[in-house]
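The chains referred to below are lettered A, B, ... by the order of the sequence lines, with proteins before strands, and numbering in each begins at 1.
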Amino acid sequence: MKVTLESSDGQVFTVDKEVAELSVIIKEMLVIEQANQDHPIPLLNVGAVELAKVIEYCEHHRNDPTIDDDEDYDSRKKPIEMDDWDKQFTIVNKEMMFELILAANSMQVKPLLHLGCRYAADIVKRMSPTEIRDLFQIDDDFTPEEQDKIEWEKQWTKL
Amino acid sequence: MISAKDYTLKRPHSDGRQPSQRNPKTVALREFSPLLLGSPIQLQSRTLETTDPTKKKQRLQSLTDFPNEILLNIQSNFTQPQDLLRFSQTCTLLRELTDDGAWCKAYKGLVPRWGEGVEVGHLRGRTNVWRQAVMDDHLRKTVSWVAPETAETVKSPGTLSEPVRLRIDLKQATHIKPQHMQPSAATSEASRWRNIGPPASHTDPTIRTTLCAYMQTRTYKQRIEYQVAIYGLQDHGRPLATIPSSFWARPDIDIHLGYDFTPERLGVAQLMDVKQFPDRRDSQGRMRVVLILAFGDRNAAPLGAEDGDVQFLDTWLLIKVVEIFICDTLSAGDRKIGGRVETIVPNSRQEHIRGRAVRLYSTKDENDATAFHLEV
């Protein structure tokens with residue numbers, strides 16, 4: 001059985017239902033909208049580029065066991081496993097991966113979301129706060145008092 | 001308060017139009033999605049909509065544009081304390097998200113044996129105890145780490161270049177012998193006080209003070225007497241408080257728990273940890289301090305007999321967790337201390353506590369009672 005998905009920019013993709021159902025949101029919508037399966041499911045926050053990548057990911061992982069719906073997910077308890085295909089999949093630029101994370105979050109494709117978040121974390125690891133700010137365009141909005149505390153932390157931890 | 005952004009999907013065709021009616025502009029998908037070529041995905045339409053502003057997707061400008069749940073997911077990938085700390089030093093949003101709950105999760109990940117089952121929900125947003133626990137644990141394992149200078153000598157943040165490391169020149173070292181340990185303090189029937197094992201110390205980064213405590217003992221003919229002396233550094237001469245063994249030892253009860261304080265026992269005792277809680281004071285303004293004392297046998301039995309390796313380990317038979325309230329400034333007035341003692345008998349829990357390092361964490365349960373957690 002096929003399911004049609006429509007990206008925010010109007011691209012329409014037809015995929016196997018079991019592939020689409022890796023998205024928790026789509027799976028739930030398919031249950032609710034059984035009578036309207038002829039219509040594309042619009043994904044208003046997911047562009048065509050990202051949707052294509054999400055589908056590519058889901059196609060590859062279509063037979064993987066489902067991840068429990070754990071809202072209090074912590075990768076330290078259940079680290080996301082990456083095979084060689086996943087490592088190749090994540091060879092994209094930062095902006096693309098960020099869009100993919102948003103798309104995975106929006107569609108609730110949890111394995112992809114965790115993979116993307118791990119990718120982002122791996123970028124940040126070992127970076128100084130200044131480097132993180134520069135790379136991700138984050139404003140240093142600490143008050144002087146907070147700055148003082150942070151300086152003390154740095155002094156104390158030698159980090 | 002920063003709230004998560006709304007990324008919920010809308011119902012299909014809520015505007016009543018079919019896709020073909022909403023796609024005025026056509027582009028080649030190949031341009032931006034080579035991955036689709038040769039894939040099993042069937043492309044039905046190659047159009048890109050740009051006219052409907054409500055459907056225009058905003059590109060991320062910053063990491064902080066992510067919904068909070070994503071930032072928390074990213075944060076959960078930091079397995080090293082220093083990564084988590086740096087992340088929290090980036091901006092106020094990431095600092096707020098890296099709350100004590102996050103540090104607790106990090107602790108549970110780093111020390112799963114002792115972190116499991118510890119609930120800290122009640123601590124969220126109130127204290128930084130878990131951040132301190134994680135960083136303290138990390139720094140103690142870092143061989144090269146040395147405590148920084150005291151607050152009085154720390155330069156202002158604006159002039160900091162390289163963190164100053166303390167250097168110890170043994171030629172200039174001063175032998176410290178607290179007054180109460182002078183030979184004159186000894187009596188004819190007892191030896192003089194002597195330190196047992198290394199001191200335990202705790203630095204509170206918020207008030208930037210360090211407590212240092214020593215377990216001390218002196219021997220009588222028929223018994224051993226212990227005490228704990230607590231100093232507020234840098235004053236090693238006058239203790240802030242001296243906790244006599246009568247405060248924690250209950251020989252009549254302890255002997256039934258598997259330990260007696262007699263010379264024949266030839267046991268060992270050690271002060272394992274001390275922790276100060278400057279924000280926790282009693283009605284008299286005295287500061288809460290928690291000590292861990294361990295008593296046990298010196299065990300010469302091989303750990304693994306079949307290996308033939310003889311290892312000398314201290315097996316702790318009795319753990320005393322002493323919660324006291326002390327005056328944290330030197331004063332000539334009343335130096336009375338108050339508090340309570342909890343005795344832990346590891347054997348009764350089918351546990352064997354060995355090793356020289358014990359860390360203490362205390363948390364509050366639902367009934368606001370203190371629960372202690374030890375790390376060996």
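- If you take CG on A/Leu135 and OG1 on B/Thr90, they are separated by 11.0 Å, rounding to the nearest 0.5 Å.
- Rounding to the nearest 0.5 Å places NZ of A/Lys154 at 10.0 Å from CZ of B/Arg86.
- For B/Leu94, the part lying under 4.5 angstrom from a heavy atom of chain A is the side chain only.
- Taking OG1 of B/Thr64 as the start and CD of A/Gln137 as the end, the distance is 9.5 Å to the nearest 0.5 Å.
- If you take CG on B/Asn73 and CG on A/Asn105, they are separated by 8.5 Å, rounding to the nearest 0.5 Å.
- Note on A/Lys125, A/Lys94, A/Glu131: by heavy-atom pairs under 4.5 Å with chain B, the leading option is A/Lys125.
- Looking at B/Leu72 and A/Cys117, their side chains never come closer than 4.5 Å, going by heavy atoms from C-beta outward.
- Two residues are said to be in side-chain contact when any heavy atoms from C-beta on lie closer than 4.5 Å; B/Leu63 and A/Phe98 meet this criterion.
- Contact record, B/Ile74 with A/Ala121: O-CB, 3.6 Å, taken as the closest heavy-atom pair.
- Residue contact with chain B, scored on non-hydrogen atoms closer than 4.5 Å, involves the backbone of A/Asp139 exclusively.
- Here the side chains of B/Ile70 and A/Leu102 are in contact, with some heavy-atom distance below 4.5 Å.
- Put simply, the side chain of A/Thr143 does not reach to within 4.5 Å of the side chain of B/Thr92, judged on heavy atoms.
- To the nearest 0.5 Å, the span separating CD on B/Gln89 from NZ on A/Lys149 amounts to 13.0 Å.
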